[in-house]
2 protein chains.
Amino acid sequence: MLSGMAWNTDETKRRLKEAAVVEFAAHGLDGTTMERIARQAGINKERLYTYFGDKAQLFATVLADELNKVAAAVPLDNLYGPEAVAAYAAAVYDYHAEHPELTRLLLWEGLHHLGEVPDEASRTDYYRTKVAAFAEAQRANLISDEIPAADLAFLVLALAGWWYAVPQMARMMHADDAATPDTARQALMRAATKLATPKA
Amino acid sequence: MLSGMAWNTDETKRRLKEAAVVEFAAHGLDGTTMERIARQAGINKERLYTYFGDKAQLFATVLADELNKVAAAVPLDNLYGPEAVAAYAAAVYDYHAEHPELTRLLLWEGLHHLGEVPDEASRTDYYRTKVAAFAEAQRANLISDEIPAADLAFLVLALAGWWYAVPQMARMMHADDAATPDTARQALMRAATKLATPKA
DNA sequence: TCCAACTCCAACGATGGCGTTGGAAATTAC
DNA sequence: GTAATTTCCAACGCCATCGTTGGAGTTGGA
């Protein structure tokens with residue numbers, strides 16, 4: 001900080017977390033160094049420890065923040081039909097396109113924690129509301145009930161998330177033909193629609 | 001080695017690679033130590049460097065090996081219809097269930113290499129044969145052509161792979177209800193069938 | 001003006017892991 | 001039997017990173 005400036009704890013924390021998201025998403029828990037996070041934020045490393053605890057705790061904090069953001073940004077109101085499912089899938093896809101950190105953080109986490117995960121209870125609640133929305137739409141005969149609601153919701157997220165999970169595979173499978181994010185998005189929406197459409 | 005035993009280079013290499021698969025799959029490139037691989041194999045660390053180069057090269061070697069195995073174990077002959085697509089998805093799912101290392105290695109790799117990937121050319125070939133099989137079935141009107149072949153093949157793999165990519169999500173979404181690998185498999189097959197079934 | 005509390009940071013100790021080396025044990029060639 | 005070659009390993013140098021500490025700068029209240 002420059003001399004003469006007032007302390008600004010919140011801003012310091014925000015800058016540290018911002019830098020932490022970038023570093024953790026890029027390099028994972030093990031590949032990230034506390035020193036790099038601090039340097040990128042222009043703050044001393046020691047602040048990380050006093051504010052957030054050790055590296056694992058910082059990772060958990062950062063991921064929880066990002067999950068809250070996506071929960072707020074991509075609501076799932078009412079699934080009036082297969083098109084709404086497709087729209088939801090596309091919204092998830094778009095959010096990840098604009099915030100590629102989230103998927104990567106989730107994947108790093110999934111690879112690390114074989115058993116329980118931090119904040120498991122509240123996160124379970126969150127996912128269950130999504131599942132409940134699918135179940136409701138199934139009961140109302142608005143979407144197909146061939147696949148159990150939990151599985152259907154999960155697989156819709158799979159369609160949206162797989163592009164970011166294994167980008168190397170996406171690239172190689174679409175080798176020569178024009179593979180823009182836009183055609184991917186279209187394919188995703190068609191697929192989601194098909195999954196949710198009741199059998200004729 | 002015990003005294004009196006003959007040298008057995010190939011066996012040494014095999015044991016090292018076997019241990020490397022386990023360690024890399026569990027902890028990733030950064031989380032794995034060469035010393036632990038060697039200890040688990042009961043071989044000296046130095047052998048890793050003379051046989052396989054540095055840690056990154058060892059990782060690439062090990063992943064290439066596993067990809068060859070899955071390519072041999074899960075063929076994709078002819079997609080005579082939507083049921084064949086479902087069967088293929090299930091075969092991929094089953095293979096991963098028995099060899100959970102492969103998905104994890106792929107995910108670690110995807111997170112590390114943002115650009116090119118080792119062995120990119122031959123792997124592209126491999127994926128393209130899969131895509132070609134889907135394209136062929138589409139031309140013969142055996143499966144739906146609403147979704148481009150490359151995307152369809154990719155999304156079928158998404159359905160099969162997502163369970164292993166984000167197991168924490170799978171667990172949380174299926175919180176109370178009985179979520180056995182078997183019900184997941186059924187949901188997966190139904191979903192794959194729906195994706196591949198032509199519009200009525 | 002002085003003091004207590006808070007915010008910050010440069011520097012440090014300790015540890016752990018990468019990749020190497022010098023040499024011992026086993027094998028092969030002659 | 002001996003020299004050359006190959007397989008193996010214990011021990012090492014080196015460097016990066018974790019998490020801490022002692023102290024300096026800043027603020028607000030009495």
Side-chain angles (χ1 to χ4, degrees), chain A residues 1-63 105 108-109 111-113 118, chain B residues 1-63 105 108-109 111-113 118:
Chain A
M1 285 299 174
L2 285 78
S3 69
M5 289 193 72
W7 300 129
N8 193 339
T9 311
D10 288 349
E11 172 67 6
T12 299
K13 289 183 188 171
R14 201 194 55 73
R15 300 224 323 255
L16 286 173
K17 283 203 280 189
E18 194 179 51
V21 170
V22 173
E23 287 295 316
F24 279 136
H27 306 110
L29 183 63
D30 294 320
T32 293
T33 75
M34 299 294 262
E35 197 267 337
R36 257 208 322 261
I37 295 174
R39 185 145 37 91
Q40 198 176 88
I43 308 284
N44 189 275
K45 187 175 54 156
E46 176 267 354
R47 287 289 89 192
L48 286 169
Y49 290 97
T50 54
Y51 287 149
F52 304 107
D54 66 10
K55 194 157 72 157
Q57 283 176 276
L58 175 59
F59 186 95
T61 301
V62 155
L63 176 55
L105 290 176
W108 288 117
E109 183 197 47
L111 286 168
H112 267 280
H113 297 274
Chain B
M1 285 295 175
L2 285 77
S3 69
M5 289 193 73
W7 300 128
N8 192 339
T9 310
D10 288 350
E11 173 66 9
T12 298
K13 288 182 188 170
R14 202 195 55 75
R15 300 225 324 254
L16 285 173
K17 282 203 281 190
E18 195 178 51
V21 170
V22 174
E23 287 295 315
F24 279 135
H27 305 110
L29 182 63
D30 294 320
T32 294
T33 75
M34 298 294 262
E35 196 267 337
R36 259 210 321 262
I37 295 174
R39 185 145 37 93
Q40 199 178 87
I43 308 283
N44 189 274
K45 187 175 53 154
E46 176 268 354
R47 287 291 87 192
L48 287 169
Y49 290 96
T50 55
Y51 288 149
F52 304 106
D54 65 10
K55 193 157 72 158
Q57 282 176 277
L58 175 58
F59 185 96
T61 301
V62 154
L63 175 55
L105 289 177
W108 289 117
E109 183 197 47
L111 286 167
H112 268 281
H113 297 276

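Just so we're on the same page: letters track the sequence lines, and every chain starts at 1.
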Would you mind writing out the side-chain donor-acceptor pairs for residues 54-62 of chain B within the sub-3.5 Å range, not counting sequence neighbours?
unit_1, atom_1, unit_2, atom_2, d
B/D54, OD1, B/A56, N, 3.3
B/D54, OD1, B/Q57, N, 3.1
B/K55, NZ, B/L29, O, 2.9
B/K55, NZ, B/T32, O, 2.8
B/Q57, OE1, B/D54, N, 3.3
B/T61, OG1, B/Q57, O, 2.9

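In this structure, NE2 of A/H27 is placed 16 Å from P of D/dA16, rounded to the nearest angstrom. Rounded to an integer number of Å, the gap from CZ of A/R15 to P of C/dT7 is 16 Å. For B/D10 and D/dC8, the CG to C1' distance is 15 Å, given to the nearest whole Å. Taking atom CZ of A/F24 as the reference point, atom P of D/dT17 lies 13 Å away to the nearest angstrom.
To the nearest 0.5 angstrom, A/E23 atom CD is 11.5 Å from A/M34 atom CE. Annotation: the span from B/Y51 atom OH to B/E46 atom CD amounts to 8.5 Å, rounded to 0.5 Å. With rounding to the nearest 0.5 angstrom, the CZ atom of A/R15 is 11.0 Å from the CD atom of A/Q40. In this structure, the separation between CZ on B/R39 and CG on B/N44 is 12.0 Å, given to the nearest 0.5 Å.
At D/dT7, none of the side-chain N or O atoms of B/Y51 fall inside 4.0 Å of OP1 or OP2 (strictly under the cut-off). Here B/T12 reaches the OP1 or OP2 of D/dC8: one of its side-chain N or O atoms lies under 4.0 Å away.
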task = Just do the side chain to side chain contact (heavy atoms under 4.5 Å, CB included) check on B/E11 and B/R14 with the steps written out, would you?
result = CA-CA 5 Å; B/E11 173 66 9; B/R14 202 195 55 75; 3.1 Å; yes

Whether each nucleotide of nucleotides 11-22 of chain C has a protein heavy atom under 4.0 Å at its base (B), only at its sugar-phosphate (S) or at neither (-) is summarised, 5' to 3', as ------SBBBB-

